[in-house]
Amino acid sequence: MRLAIIVVVLVLIADQVSKIWVKTHMYHDESIVVFSNWFIIHFIENPGMAFGFEFGGATGKLLLSIFRLVAITFIAIYLNKMVKSRAPKAMIVSLSLVLAGAFGNIIDSVLYGVIFSESPRYIPQIAEMFPQEGGYAGFLHGKVVDMLYFPLIDTTLPSWVPVIGGEPFQFFRPVFNIADTAISFGMGLIILNHRRFFSEPAKEVSTSPAEELQSKQHSE
């Protein structure tokens, strides 16, 4: 359990510190070039799912937040079960990454609308934490802060390419955050190692001789 707690806490700290700094130091759509033009801190807010995808307006946002809370509960229960059954450490780390990532984004959805002021899309205005006039949205309606942008390829497709020749092409376009990264790595590890994770029998927790003697005395 200690390993799972360490992974979850470290991911949550990194995720929330980066989001709070970006939210309180950058305006919406502002960019900071970190390395050349392939690693950029670009602040946007995502009202829906991971990697900038949206989901059904205000009602969809509420349903998505509720779904995330339910999913986190089930992941936490399953992770606890795997820890108790002494599952492989790689599986514990994978599940912990997924749990931490999901929890990191749900914090935004649940609390950010309440504790932050608005980051207007078309006005260069930096948000304030705990504003006197209150937050920009209600409970469960906060927006997820994204900032990691890796446009590794930014070019124009050759004219000979069918249909889309001559059009701009960019890879990788989505803007995401540390929580999204943790979920992706965790799920990737589970997919790559699913045979080992789910074929190895769980190890039973051994009991000491004293515990066995005590159990035998109780049974008598």
Side-chain angles (χ1 to χ4, degrees), residues 5-35 37 39-73 75-76 96-151 172-186:
I5 293 174
I6 290 173
V7 172
V8 171
V9 169
L10 289 178
V11 171
L12 281 178
I13 290 175
D15 179 63
Q16 289 302 308
V17 167
S18 62
K19 287 174 177 176
I20 292 173
W21 187 91
V22 166
K23 181 72 174 171
T24 57
H25 288 79
M26 299 176 67
Y27 54 83
H28 197 280
D29 276 332
E30 183 179 3
S31 296
I32 299 174
V33 177
V34 180
F35 293 114
N37 286 318
F39 177 21
I40 299 171
I41 303 297
H42 180 74
F43 171 37
I44 64 170
E45 287 185 304
N46 168 24
M49 303 174 72
F51 295 100
F53 297 106
E54 298 187 16
F55 182 71
T59 302
K61 174 63 179 176
L62 177 60
L63 293 175
L64 181 61
S65 296
I66 295 173
F67 171 78
R68 281 174 169 164
L69 287 171
V70 174
I72 287 173
T73 302
I75 295 171
S96 299
L97 286 171
V98 174
L99 176 63
F103 194 39
N105 282 335
I106 197 62
I107 290 174
D108 298 28
S109 298
V110 172
L111 296 178
Y112 275 28
V114 178
I115 66 175
F116 286 109
S117 61
E118 182 71 41
S119 295
R121 297 194 66 172
Y122 304 106
I123 302 174
Q125 177 179 314
I126 296 175
E128 180 184 351
M129 194 172 187
F130 301 115
Q132 291 184 352
E133 64 276 14
Y136 66 84
F139 186 68
L140 292 177
H141 283 83
K143 300 175 184 177
V144 177
V145 174
D146 293 324
M147 80 294 290
L148 301 178
Y149 180 37
F150 294 89
F172 176 74
R173 295 191 66 178
V175 182
F176 53 101
N177 55 47
I178 292 176
D180 296 332
T181 306
I183 294 172
S184 299
F185 269 101

Query raised in the report: CD1/Ile178 to CD1/Ile183 distance, rounded to the nearest 0.5 angstrom?
Result: 12.5 Å
Report task. Would you indicate whether Phe150, at its atom CZ, is surrounded by more than 12 heavy atoms from other residues, nucleotides or ligands within a distance under 6.0 Å? Result -> yes
Query raised in the report: Do the side chains of Lys19 and Val144 get nearer than 4.5 Å, heavy atoms only?
Result: yes
Requested in this report: Find the distance between CG (Asp15) and CG (Asn177) and round it off to the nearest 0.5 Å.
Outcome: 5.5 Å
Query raised in the report: Mind checking whether Phe116 and Tyr112 have parallel, tilted or perpendicular rings, split at 30° and 60°?
Result: perpendicular
Query raised in the report: Hey, are the side chains of Leu12 and Ile107 touching, using non-hydrogen atoms and a 4.5 Å cut-off?
Result: yes
Query - Residues which pass side-chain hydrogen bond (donor to acceptor under 3.5 Å, both in side chains) with His28, listed by chain and number, not counting sequence neighbours - result: none
Report summary line: CZ of Phe130 to CD1 of Ile115, rounded to nearest 0.5 Å, is 5.0 Å
Query raised in the report: Side chains of Val11 and Leu97: does their closest heavy-atom pair fall under 4.5 Å?
Result: yes
Query raised in the report: Sequence neighbours excluded, which residues qualify as side-chain contact (heavy atoms from CB on, under 4.5 Å) partners of Ile40?
Result: Ser31, Val33, His42, Tyr149, Pro151
Query raised in the report: Could you give the distance from NE2 (His141) to OG (Ser109), rounded to the nearest 0.5 Å?
Result: 10.0 Å
Query raised in the report: Has the side chain of Gln125 got a donor or acceptor atom that lies under 3.5 Å from a matching backbone atom of Tyr27?
Result: no
Report summary line: Sorted by chain and residue number, the side-chain hydrogen bond (donor to acceptor under 3.5 Å, both in side chains) partners of Tyr136 (sequence neighbours excluded) come out as none
**Report entry** Heavy-atom side-chain contact between Val175 and Leu148 under 4.5 Å
**Finding:** no
Requested in this report: Under the side-chain hydrogen bond (donor to acceptor under 3.5 Å, both in side chains) rule, collect the residues that match up with Ser96, sequence neighbours excluded.
Outcome: none
Query raised in the report: Who are the side-chain hydrogen bond (donor to acceptor under 3.5 Å, both in side chains) partners of Thr24, not counting sequence neighbours?
Result: none
Report summary line: For Lys23, the salt bridge (charged side-chain N to carboxylate O under 4.0 Å, His left out) test, sequence neighbours excluded, returns Glu45
Query raised in the report: Are the side chains of Ser119 and Phe43 in touch, meaning some heavy atoms are under 4.5 Å apart?
Result: yes
**Report entry** Over 12 non-hydrogen atoms of neighbours within 6.0 angstrom of CZ in Phe67
**Finding:** no
Query raised in the report: How long is the span from the CZ atom in Phe103 to the CG atom in Asp108, to the nearest 0.5 Å?
Result: 11.0 Å
Query raised in the report: Taking atom CZ of Arg68 and atom CG of Leu140, what is their separation to the nearest 0.5 Å?
Result: 11.0 Å
Report summary line: Heavy-atom closest pair (Lys143 atom, Glu118 atom, distance to 0.1 Å) is NZ-OE2, 3.5 Å
